[in-house]
There are 2 protein chains.
Amino acid sequence: MNAAADRLKQARDEFVAQWGALGTQWGINRTMAQIHALLMITPEPMTTDEVMQELEISRGNAHSNLKELVAWGLIRVVVKKGERREFFEAEKDVWQIFIIVARERKRREIEPALAILHKCAEESREIDTPDGHAFHKQMRQLEEFVGFTSKMADQISSMKHGLALQLAAKLLG
Amino acid sequence: MNAAADRLKQARDEFVAQWGALGTQWGINRTMAQIHALLMITPEPMTTDEVMQELEISRGNAHSNLKELVAWGLIRVVVKKGERREFFEAEKDVWQIFIIVARERKRREIEPALAILHKCAEESREIDTPDGHAFHKQMRQLEEFVGFTSKMADQISSMKHGLALQLAAKLLG
DNA sequence: CATAATTTTCAATAAATACTGAAAATTCAG
DNA sequence: CTGAATTTTCAGTATTTATTGAAAATTATG
């Protein structure tokens with residue numbers, strides 16, 4: 001009987017493929033999302049070669065995306081004794097994954113926006129015309145709001161899963 | 001004296017250019033982000049030709065990105081009496097902008113993920129092997145968490161600015 | 001209606017991004 | 001040290017995404 005094994009393989013393959021397709025929407029490349037998906041559903045750490053084989057991708061591609069995922073903190077390198085090769089395993093805790101993604105997005109999307117808004121608000125501070133005032137005000141409003149969002153993200157990211165859950169329950173209740 | 005006007009022009013141009021560069025990170029194209037930035041800081045509604053001229057882009061490009069922004073709800077068409085051309089103006093309220101972006105992201109990023117997770121969880125429900133159980137559990141956990149996030153996003157999006165502010169204050173306090 | 005203004009479409013092209021594969025560099029074991 | 005295993009780099013290529021510009025379609029005006 002290998003019906004069960006076959007069905008499982010099919011379900012796993014589908015998850016990896018679809019998650020990869022989604023990655024595009026998320027602003028990360030397909031391969032990175034696929035590798036992440038693959039490692040999330042693989043109990044044992046995998047080698048670069050295993051990843052290459054499973055996803056049918058080149059060594060260079062596997063390598064660079066594995067490194068990128070390590071840089072994000074979504075996967076880690078595992079060294080096995082008696083093994084020279086590096087193994088990779090995914091962070092599997094959903095709250096942890098959420099925090100990592102939230103932090104990275106904040107760093108890449110919110111912080112640069114805040115910097116621009118702050119600079120433009122500063123540069124227009126003393127332009128003493130009606131248009132100048134309007135522009136300055138608009139920049140200030142945006143800066144204030146984005147700064148607020150940034151602080152919120154930090155706050156939530158620093159929560160323990162349980163605490164976040166409590167807050168959420170209250171919000172949804 | 002036009003020093004003030006010059007400084008303002010420079011600040012505005014910088015904002016548009018930088019916001020456009022940021023757009024790339026946000027998963028929207030540069031032009032769309034630039035047009036949005038331009039309209040956010042322009043008090044009077046603008047025509048397609050004015051946008052083309054200001055950003056030095058083609059008609060086709062201006063047209064399709066204006067339509068896309070209208071579809072998002074970030075800008076609206078304004079008709080002026082005695083004018084045949086369409087004018088466009090941006091939503092300027094920051095909370096409103098936030099909600100629109102949040103909704104769109106939920107629709108494009110969270111909902112498809114949820115659908116995949118649900119499907120994979122279903123398909124693995126009855127695979128009666130240890131590996132099958134592990135996969136199913138992983139899918140269930142992810143589905144639950146993403147579903148949760150989805151509900152939270154709805155909840156926050158439906159809040160009035162003031163209420164959201166209160167919540168945030170409590171969180172940050 | 002005719003026609004001029006305006007909007008919309010879309011094939012061709014350009015630009016940005018991702019991937020391959022092989023060579024170079026590094027690491028480790030004997 | 002030597003050489004095999006492994007990791008890293010990167011020039012070339014492929015793929016995807018964005019933009020142009022001109023033609024077609026639509027819409028308002030006299």
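Keep in mind it's a predicted model, so treat the numbers as computed, not measured. Scope of the values below: all heavy atoms of this structure, side chains included, with no hydrogens, waters or symmetry mates. Here is how names work: the chains are called A, B, and so on, in the same order as the sequence lines, proteins then strands, and each is numbered from 1.
- Checking B:Gly82 against B:Gly27, the closest nucleotide of DNA chain D that is more toward the 5' end is the one next to B:Gly27.
- Note on A:Arg85: only backbone sugar-phosphate atoms sit closer than 4.0 angstrom, heavy atoms only; bases stay farther off.
- No side-chain donor-acceptor contact under 3.5 Å links B:Trp19 to the backbone of B:His36.
- In this structure, A:Trp26 places its CH2 atom 20 Å from P of C:dT17, rounding to the nearest Å.
- What separates CG of B:Leu55 from P of D:dT19 is a distance of 11 Å, to the nearest Å.
- In the set C:dT8, C:dA4, D:dA5, C:dA4 carries the atom at the smallest distance from any side-chain atom of B:Arg84.
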Write down the protein N/O and nucleotide N/O pairs, taken from nucleotides 19-23 of chain C, whose separation is under 3.5 Å; answer none if there are no such pairs.
residue	atom	partner	partner atom	Å
C:dC19	OP1	A:Thr31	OG1	2.7
C:dC19	OP2	A:Thr31	OG1	3.2
C:dC19	OP2	A:Asn61	OD1	3.4
C:dT20	OP2	A:Ser58	N	2.8
C:dT20	OP2	A:Ser58	OG	3.0
C:dT20	OP2	A:Asn61	ND2	3.0

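- Atom NZ of A:Lys67 and atom P of D:dT9 are 9 Å apart (whole Å).
- With hydrogens and angles disregarded, a donor-acceptor distance shorter than 3.5 Å links the side chain of A:Glu91 to the backbone of A:Asp93.
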- prompt: Between B:Glu104 and B:Arg107, is a salt bridge (charged side-chain N to carboxylate O under 4.0 Å, His left out) present by the stated rule, with each step listed?
  reply: CA-CA 5 Å; B:Glu104 188 66 18; B:Arg107 196 178 68 73; 2.8 Å; yes

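- Following rounding to the nearest Å, B:Met52 (CE) and C:dT8 (C1') show an atom-to-atom distance of 13 Å.
- Straight-line distance from the CG atom of B:Leu66 to the C1' atom of C:dT8: 13 Å, rounded to whole Å.
- In the hydrophobic clustering of ILVMFWY residues, with side-chain heavy atoms under 4.5 Å counting as a link, B:Trp95 and A:Met139 come out together.
- Out of C:dA4, D:dA4, D:dT9, the shortest distance to the side chain of A:His63 is found at D:dT9.
- A salt bridge does not link A:Arg125 with A:Glu143: none of the charged nitrogens is closer than 4.0 Å to a carboxylate oxygen.
- One can place CD of A:Glu68 at 15 Å from C1' of D:dT8, the figure rounded to the nearest angstrom.
- At distances below 3.5 Å, not a single donor-acceptor pair connects side-chain atoms of B:Asn2 with backbone N or O atoms of B:Ala5.
- Nucleotide D:dT6 holds its C1' atom 11 Å from the CZ atom of A:Phe88, rounded to whole Å.
- No donor-acceptor distance shorter than 3.5 angstrom exists from the side chain of B:Ser150 to the backbone of B:Val146, with no hydrogens or angles considered.
- Taking atom CD of B:Glu86 as the reference point, atom P of D:dT26 lies 15 Å away to the nearest angstrom.
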